[in-house]
Amino acid sequence: MREVDLKWARRSPGIVEINVVQRSSAEQTQGKEPKQNGRTHFYDKLIVESFEEAPLHVMVFTYMGYGIGTLFGYLRDFMRNWGIEKCNAAVERKEQRDFVPLYQDFENFYTRNLYMRIRDNWNRPICSAPGALFDVMERVSDDYNWTFRFTGRVIKDVINMGSYNFLGLAAKYDESMRTIKDVLEVYGTGVASTRHEMGTLDKHKELEDLVAKFLNVEAAMVFGMGFATNSMNIPALVGKGCLILSDELNHTSLVLGARLSGATIRIFKHNNTQSLEKLLRDAVIYGQPRTRRAWKKILILVEGVYSMEGSIVHLPQIIALKKKYKAYLYIDEAHSIGAVGPTGRGVTEFFGLDPHEVDVLMGTFTKSFGAAGGYIAGRKDLVDYLRVHSHSAVYASSMSPPIAEQIIRSLKHLMGMDGTTQGLQRVRQLAKNTRYFRQRLQEMGFIIYGNENSPVVPLLLYMPGKVAAFARHMLEKKIGVVVVGFPATPLAEARARFCVSAAHTREMLDTVLEALDEMGDLLQLKYSRHKKSARPELYDETSFELED
């Protein structure tokens, strides 16, 4: 058994530091300080996360912007209804006027009147590999973004700051990919069957063994789609009479899987162990509603790195609570596996924890590995159970053989099994790029969210008009960015989401930072005043018990 010391401190308003030290039981008994070596779990480092609040005037103008846009939306709908303005939106056919509407008209109000005005900033067609640089097909609209036409021009060598290509492994073909070409020639492109029928290949078995070895767990199972790995496997693990405790910022795949399971779902505040412990305590004390029977299972759902906030799960505290209340823990490492930890093994390695302390390790191959699909890993009996009961294993097509080989190649590259240390160098370069990029943005005065070690970097833009202007001007400077707004984020927290990659050179990052500095002055985006956290409830914990 290990002791976990949690030390909380505020370095400056809006920035929270967490000092986590883990000591083995032998070191506790002998009164020794923990030693850092290859075997001892040790993590003694300040974890800095920032959620700075925007100035009041920014929030006022943001809500005013949405309010004015909504008023003009109602005005334009009125004009369309009377034939004054042409309606380009999807409408029910005249022949179906007596039918119950297939969809409610108001559900399309936001898309029709707000999103459509800035739609050109999304779904931009890419015509090259998503490396550090990519090519974008130019398109224009003649009807205010209702439709687009291609000009035939290609914008070459745009700096890619939006793809989840954290390790730079999604790249153009080179000699290191020869094995993928060989597999394509032998196996073809698809399996045309499910895992339960004729769709299990020796390549799948090789990949699953390699994933288990990489994660240091007993077994693993791979699936052809990352989204379905969550949505189709959670219902196989819990059902009616079970309780799911889900972080409020969990990905849609986790949310959908929880809903499909039929289990009772309760939400706790993001990364707030105090909120989680209250729900756990109430669940144990009161049991199920009405009957007051004990819950069959309690499953905690969290992510490793949160893709919209850039925060990292507070894993040591959550594991402590899970043990105390005899719950199960399910971690989605889609954005953290390969990208976090000294050797890229995710948040368990980042905190120096034993992966066996997490009941279900889930991850995807769509980000760091430059491929597709996902995995579930953990105890052998868990994986064997999913092989029989997982909807994805029974009904979905197996992973494509060339995709499986790309993942095998990436894993061997990370583990040094290719005879080089380039994989480890990529992980270290990603960490170096991440810290540099975040530090420079903070120095410039931008409000950025998340953990200082997270390669996902949200830069807050707030106002809807500035979201569109930001994306358009950045593309003019040959920088590809992803901008995100409502409903993917809270209404008043629109942002640009940068994804740092190991493939980015210092010159590329400096080019982007120079453009951001100029854009920040032009659009007045440098809102940072280091005020109090926008989510103070995340960090108002004073103490919690950590013994079993």
Side-chain angles (χ1 to χ4, degrees), residues 130 162-170 207 211 214-215 217 220-234 237 246-258 270-271 299-315 318 329-341 344-351 355 358-378 386 390 392 396 399 403 406-407 410-411 414 427 430 434 449-451 453-458 482 484 488-489 497-502:
S163 296
Y164 300 128
N165 186 22
F166 294 129
L167 295 179
L169 295 175
L207 174 57
V211 170
F214 179 69
L215 297 175
V217 294
M221 183 177 182
V222 297
F223 304 88
M225 181 182 179
F227 189 95
T229 305
N230 277 331
S231 58
M232 294 291 102
N233 282 294
I234 293 174
L237 296 174
S246 178
D247 190 291
E248 66 179 344
L249 297 183
N250 275 342
H251 189 262
T252 304
S253 59
L254 289 168
V255 175
L256 179 60
H270 176 54
N271 250 348
L299 181 66
I300 302 170
L301 294 183
V302 294
E303 294 186 46
V305 171
Y306 289 85
S307 60
M308 283 297 172
E309 303 298 301
S311 53
I312 295 179
V313 62
H314 296 172
L315 190 58
I318 291 179
L329 178 59
Y330 184 115
I331 294 186
D332 176 349
E333 291 217 73
H335 290 84
S336 55
I337 193 66
V340 169
R345 285 171 166 82
V347 290
T348 54
E349 184 186 48
F350 179 77
F351 288 106
V358 179
D359 300 288
V360 186
L361 287 163
M362 176 271 172
T364 65
F365 303 115
T366 55
K367 280 81 177 176
S368 297
F369 301 96
Y375 66 83
I376 295 285
L386 289 176
S390 169
S392 187
M399 179 182 289
I403 293 295
Q406 160 66 11
I407 303 166
S410 301
L411 284 169
L414 276 177
V427 175
L430 173 62
T434 296
Y449 276 2
N451 191 288
N453 295 289
S454 169
V456 178
V457 187
V482 172
V484 192
T489 68
R497 185 181 61 183
F498 298 97
C499 293
V500 183
S501 172

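Position 1 is the first residue of the sequence; numbering continues from there. All figures in this text were calculated on a predicted structure; none of them were measured in a lab.
Of all the heavy atoms in Ser368 and Leu167, the pair that sits closest is O-CB, 3.8 Å. For Val358 against Thr348, the heavy-atom pair with the smallest separation is CG2-CG2, 4.0 Å. The two atoms that bring Val456 and His335 nearest to each other are CG2-CD2, 4.3 Å, heavy atoms only. Among all heavy-atom pairs drawn from Asn165 and Ala170, the shortest one is OD1-N, 3.0 Å. The two residues Gly344 and Val427 come nearest to each other via the heavy atoms N-CG1, 3.8 Å. When all heavy atoms are compared, the tightest approach of Ala371 to Ile403 is CB-CG2, 4.0 Å.
The shortest distance between side-chain heavy atoms of Tyr375 and Leu207 does not fall below 4.5 Å. Counting only heavy atoms from C-beta outward, the side chains of Leu301 and Val255 never approach each other to under 4.5 Å. The shortest side-chain heavy-atom distance between Val457 and Val500 falls under the 4.5 Å cut-off. Considering only heavy atoms from C-beta on, Tyr330 comes within 4.5 Å of Ile376 through its side chain. Using a 4.5 Å cut-off on side-chain heavy atoms (C-beta onward), Arg345 and Phe214 make contact. Looking at Pro355 and Leu215, their side chains never come closer than 4.5 Å, going by heavy atoms from C-beta outward. In this structure, Glu303 and Val313 have side chains that are not in contact, with every pair of non-hydrogen atoms separated by 4.5 Å or more. Contact of the Ser311 side chain with the Tyr449 side chain is not registered, since no non-hydrogen atoms from C-beta on lie closer than 4.5 Å.
Between Phe365 atom CZ and Ile407 atom CD1 the span is 4.5 Å, to the nearest 0.5 Å. Here the OG atom belonging to Ser253 is positioned 7.0 Å from the CD1 atom belonging to Ile234, to the nearest 0.5 angstrom. For the atom pair OG (Ser336) and CZ (Phe166), the distance works out to 9.0 Å, reported to the nearest 0.5 Å. Taking CG from Asn230 and CG from Asp332, the interatomic distance works out to 4.5 Å, rounded to the nearest 0.5 Å.
Between the side chain of Gln406 and the main chain of Phe369, a donor-acceptor pair closer than 3.5 Å is present. The closest donor-acceptor contact from the side chain of Glu248 to the backbone of His270 lies under 3.5 Å. Looking only at distances, no side-chain donor or acceptor of Arg497 sits under 3.5 Å from a matching main-chain atom of Met308. Side-chain atoms of Ser390 never come within 3.5 Å of backbone atoms of Asn233 as a donor-acceptor pair (strictly under, hydrogens ignored). Of the possible polar contacts, none joining the Glu333 side chain to the Leu361 backbone as a donor-acceptor pair under 3.5 Å is found.
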*Between Tyr306 and Asn271, is a side chain to side chain donor-acceptor pair (under 3.5 Å) present by the stated rule, with each step listed?*
CA-CA 10 Å; Tyr306 289 85; Asn271 250 348; 5.0 Å; no

